[in-house]
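A quick write-up on the structure given underneath.
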There are 2 protein chains.
Amino acid sequence: MLRLTRRSEYGIIAIAHLAQRPGEAASARDIAERYGIPKRLLAEVMKQLSHRGFVRSSRGASGGYQLAVDPTRTSVRVVLAALEGPFEMVQCATDGARALEDGEAGRAVAPAASSHFAQNTLCELLGSCPIRGPVQRIHDRMRLVLEEFTIRDLISGGDGAVPMTAGLSTAFAPPAVAAAVRKS
Amino acid sequence: MLRLTRRSEYGIIAIAHLAQRPGEAASARDIAERYGIPKRLLAEVMKQLSHRGFVRSSRGASGGYQLAVDPTRTSVRVVLAALEGPFEMVQCATDGARALEDGEAGRAVAPAASSHFAQNTLCELLGSCPIRGPVQRIHDRMRLVLEEFTIRDLISGGDGAVPMTAGLSTAFAPPAVAAAVRKS
DNA sequence: CAATATCGCATGCTTTCAGTGCTCATTCAA
DNA sequence: TTGAATGAGCACTGAAAGCATGCGATATTG
Ligand code: SF4
Ligand code: SF4
């Protein structure tokens, strides 16, 4: 259980690929052929990552994608959140204010209604659920794991065990969003 | 992303319910009505938990279910594994010998072909995947979280933070399986 | 017997996921 | 200017997973 989607893996692979080659631009075809990913689908994923501000795209011949965030300050969690929606093992995990900061890559820029994933219907059992609290604790622990690992940890053979533990709820991808938002 | 299924939550709720009332037997209807769970579906879940040896069922009037494992020694992970299959964020997580001990609740009794979840097709990108190692580390950390929490932690308001850390790959549900297996 | 359970299997519905097709817009180089 | 390469946008299909229900059989209690 708790399997990631294919899209997520493709996205992570692509981001890892770009992180290994700072400055260079890699096209969707390059990456797709290199790793055996369906080209067409990868393009879809890259588009999404571009919208969220994790990569910068340049069109035309010899175009491609470049990483647009700091690999050491961008957690795996936010990348996945951009591809699959906020991490929530259970429905009630999103109830507090927590899910608000997940959607986009930047800070609280978006009017909170932009993301196309947000089904926002709250659990029916909420009133009578006996496991809410404990499950919440498990959820937070799991979330913390995704938070601790950064893009850098995806390309290095190092531990990646206890990095960026400080500021446990920070770690997001700041730049390159405002520009994209202005347009829409 | 990484949402649990409804079945899992129902199962956990039921187990928590039973753990709070040792000795007493609760019927599927009792539990279903108490928490607002679809009765028919809960019955299906309980059947599954019964087969895996986590609960003991007694039929007939005034029958019901009883917990059949030690709440302090049964991790949340094995319960979920019994309901949704082994925990694997990615396909390649199951390749080693690891998934073998997940299927059932007891020790290595079953011929490893009993579980009705085991699609056992290995990832096509495995040869070229650049994130395999790092993802594996994340996977293990997540798995450890599910391992640390026990059934007992589901009913107590306590931390449940660092219990049963020792013996990190043990923690399974031993008894009440052999009998059920003999039949089939 | 009658009431109350679980058990076992089958079925229908809905949502998600993976993957593809096609067209348009943009860039660069010949 | 032309054309090849590349990303962007939108829609669409097929398959699988998940949720839920129905019905009949069987076991147990009183
Ligand atoms: S309230 Fe209970 S049942 Fe509903 S989502 Fe939260 S944990 Fe699951
Ligand atoms: S090999 Fe790479 S792509 Fe395949 S399952 Fe493992 S991590 Fe995902």
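So that the names make sense, note that chain A is the first sequence line, chain B the second, and so on, each numbered from 1.
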Presence of [X] side-chain N/O under 4.0 Å of [N] phosphate oxygens OP1/OP2:
X: His51(A); N: dA8(D); result: no
X: Ser50(B); N: dT6(C); result: no
X: Ser57(A); N: dT6(D); result: no

### Per-nucleotide protein contact string for nucleotides 25-30 of chain D, where B marks a base within reach and S marks sugar-phosphate only (heavy atoms under 4.0 Å, - for neither)
-BBBS-

### Query
Should the ring pair Phe87(A) and His139(A) be called parallel, tilted or perpendicular, given that the plane angle runs from 0 to 90° and is split at 30 and 60?
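Judged by the thresholds at 30° and 60°, the geometry between Phe87(A) and His139(A) is parallel.
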
[X]: what forms a side chain to side chain donor-acceptor pair (under 3.5 Å) with it, not counting sequence neighbours?
X: Gln20(A); value: none
X: Ser62(A); value: none
X: Ser58(A); value: none
X: Arg7(B); value: Gln48(B)

### Task
Under 4.0 Å from any atom of DNA chain C, heavy atoms only: list the residues of residues 23-35 of chain B that qualify, in numerical order.
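Close to the strand are Ser27(B), Ala28(B), Arg29(B).
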
### Query
Which residue pairs satisfy the salt bridge (Lys or Arg N to Asp or Glu O under 4.0 Å) criterion with at least one member in residues 9-24 of chain A, sequence neighbours excluded?
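Found Arg6(A)-Glu9(A).
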
### Task
Sequence neighbours left out, what pairs pass salt bridge (Lys or Arg N to Asp or Glu O under 4.0 Å) with at least one residue falling in residues 27-39 of chain A?
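Sorted result for residues 27-39 of chain A: Arg29(A)-Glu33(A).
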
[X] [atom1] - [N] [atom2] separation (whole Å):
X: Gln48(B); N: dG18(D); atom1: CD; atom2: P; answer: 11 Å
X: Arg7(A); N: dT20(C); atom1: CZ; atom2: P; answer: 13 Å
X: Arg6(A); N: dT20(C); atom1: CZ; atom2: P; answer: 13 Å
X: Leu41(B); N: dG8(C); atom1: CG; atom2: C1'; answer: 15 Å
X: Lys47(A); N: dC24(C); atom1: NZ; atom2: C1'; answer: 12 Å
X: Glu84(A); N: dA18(C); atom1: CD; atom2: P; answer: 8 Å
X: Met46(A); N: dG19(C); atom1: CE; atom2: P; answer: 17 Å
X: Glu44(B); N: dC23(D); atom1: CD; atom2: C1'; answer: 13 Å

### Query
Between Arg77(A) and Glu148(A), is there a salt bridge with N-O shorter than 4.0 Å?
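No, this pair does not count.
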
From [options], nucleotide with atom closest to [X] side chain:
X: Thr5(A); options: dC17(C), dA20(D), dC7(C); answer: dC17(C)
X: Tyr10(B); options: dC9(C), dA20(D), dT20(C); answer: dA20(D)
X: Tyr65(B); options: dA8(D), dC19(D), dC7(C); answer: dC7(C)

### Task
Mind checking side chain to side chain contact (heavy atoms under 4.5 Å, CB included) for Ala28(A) and listing every partner two or more places apart, or none if nothing turns up?
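Ala28(A): side chain to side chain contact (heavy atoms under 4.5 Å, CB included) contacts with Tyr65(A).
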
